[in-house]
Amino acid sequence: MELDGRVVVVTGGTRGVGAGIARSFLAAGADVVVCARRPPEEPVSADGRKASFNAVDLRDPAAVQDFFGTVVSRYGRLDCLVNNAGGTPYRLLGEGEAERHARVVGLNLVAPMTASLAAYPWLREARGSVVMIGSVSGTRPSPGTAAYGAAKAGLENLARSMAVEWAPEVRVNSLVLGMVRTELTHLHYGDEAGVAAVAATVPLGRLAQPSDVGEAAVFLASGRAAYVSGASLLVHGGGERPAFLDAATVNKES
């Protein structure tokens, strides 16, 4: 899966999952550009190689267009866009006005579409690919993050439509993530005991590491996935155990 000479952009690639993705592409030999509104505390690096950083607000179409122009001017090509930037605070629907929820949709759905459209001419020229970073929140009820879940559901559908419209020059796929352990994990699951309790609900017995996501992204961008487009690859450790199985009173030892 060597990607020597390939140029990859990872949005939101300065920390957490995004940084893990960027490191995996660096290790595979690609030239990597990460972008976010603020620079990382230290450069994102792997195997002695560093990703370059550009500051950009992905919600500003003109700035996004300029950003991709800068990338291609520097490297001469663009082979892969990983739409990773996103996120949401915990907020029940009834506790926030529509405008706040709309901003979540904008960041997690409209911004990836904006970036993809800006990158498209260069990806088409390189016969490259787009990797959307989705979430299991888009496949099931997402109380407390409803707008985020709705946006991720839309992102997966957007990817499938793009895969049809942009074929055969550009492949488009999604990674549908479960729970990933990052530097912000404690904000979602609490202390180590809380993290361990949550990890125990995952069939594989642990949360994903950012590198798990990165390796899957490298696969989708590589020639080994040359016939994979419009696909959604589940990276969730086996999913979630159905609650009804624990609630039922049959098939249990007394």
Side-chain angles (χ1 to χ4, degrees), residues 1-4 6-59 63-64 67-68 70-71 74-75 78-89 107-108 111-112 115-116 119 128-137 148 151-152 155 173-189 195 198-199 206-222 233 235-237:
M1 291 190 290
E2 288 300 313
L3 298 178
D4 292 347
R6 307 288 179 86
V7 178
V8 179
V9 166
V10 182
T11 69
T14 58
R15 64 180 185 179
V17 172
I21 294 170
R23 292 187 188 102
S24 292
F25 275 103
L26 286 168
D31 293 316
V32 180
V33 181
V34 298
C35 67
R37 287 184 295 169
R38 291 177 292 274
E41 294 182 0
E42 57 184 42
V44 177
S45 61
D47 292 354
R49 306 177 65 242
K50 295 180 180 180
S52 63
F53 169 78
N54 287 68
V56 63
D57 186 342
L58 294 168
R59 297 166 297 185
V64 172
F67 163 66
F68 282 103
T70 298
V71 170
R74 178 177 179 180
Y75 294 97
L78 176 63
D79 296 277
C80 180
L81 166 63
V82 182
N83 280 308
N84 165 77
T88 183
L107 176 61
N108 290 281
S116 298
S129 69
V130 177
V131 179
M132 302 292 197
I133 303 302
S135 170
V136 294
S137 294
Y148 175 80
K152 290 298 188 180
L155 187 67
N173 294 291
S174 297
L175 293 179
V176 181
L177 308 189
M179 296 174 287
V180 185
R181 182 156 194 167
T182 71
E183 60 268 36
L184 300 179
T185 295
H186 66 283
L187 298 179
H188 299 281
Y189 310 125
V195 173
V198 172
R206 66 175 178 87
L207 304 188
Q209 295 293 329
S211 59
D212 294 318
V213 182
E215 294 303 305
V218 168
F219 163 70
L220 288 179
S222 75
L233 177 59
V235 185
H236 61 7

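Applying the side chain to side chain contact (heavy atoms under 4.5 Å, CB included) criterion to Ala19, with sequence neighbours excluded, gives Arg23, Val44. For the side chain to side chain contact (heavy atoms under 4.5 Å, CB included) test, residues two or more places apart in sequence or in another chain that qualify with Ala199 are Leu207. The side chain to side chain donor-acceptor pair (under 3.5 Å) search around Asn54 returns none, not counting sequence neighbours. Qualifying side chain to side chain donor-acceptor pair (under 3.5 Å) partners for Asn83, counting only residues two or more places apart in sequence or in other chains: Ser116. With sequence neighbours excluded, the residues that form a side chain to side chain contact (heavy atoms under 4.5 Å, CB included) with Ser135 are Ser137, Tyr148, Lys152. Residues forming a salt bridge (Lys or Arg N to Asp or Glu O under 4.0 Å) with Arg59 (at least two apart in sequence, or on another chain): Asp57. Residues satisfying the salt bridge (Lys or Arg N to Asp or Glu O under 4.0 Å) test with Arg74, not counting sequence neighbours, are none. Applying the side chain to side chain contact (heavy atoms under 4.5 Å, CB included) rule to Ser24 yields the partners Glu215, Val218; only residues at least two apart in sequence or on another chain are considered. With sequence neighbours excluded, no residue forms a salt bridge (Lys or Arg N to Asp or Glu O under 4.0 Å) with Arg15.
Taking all atoms of both residues into account, the shortest heavy-atom contact from Ala46 to Ala27 is CB-N, 4.4 Å. What you find for Leu175 and Ala217 is that their closest heavy atoms are CD1-N, 3.7 Å.
Remark: the backbone N or O of Gly128 is not paired with any side-chain donor or acceptor of Asp79 at under 3.5 angstrom.
Within the 4.5 Å cutoff, the side chain of Pro40 has no heavy atoms near those of the Val34 side chain.
Residues in residues 29-56 take part in these salt bridge (charged side-chain N to carboxylate O under 4.0 Å, His left out) pairs, two or more places apart or across chains: Asp31-Arg49.
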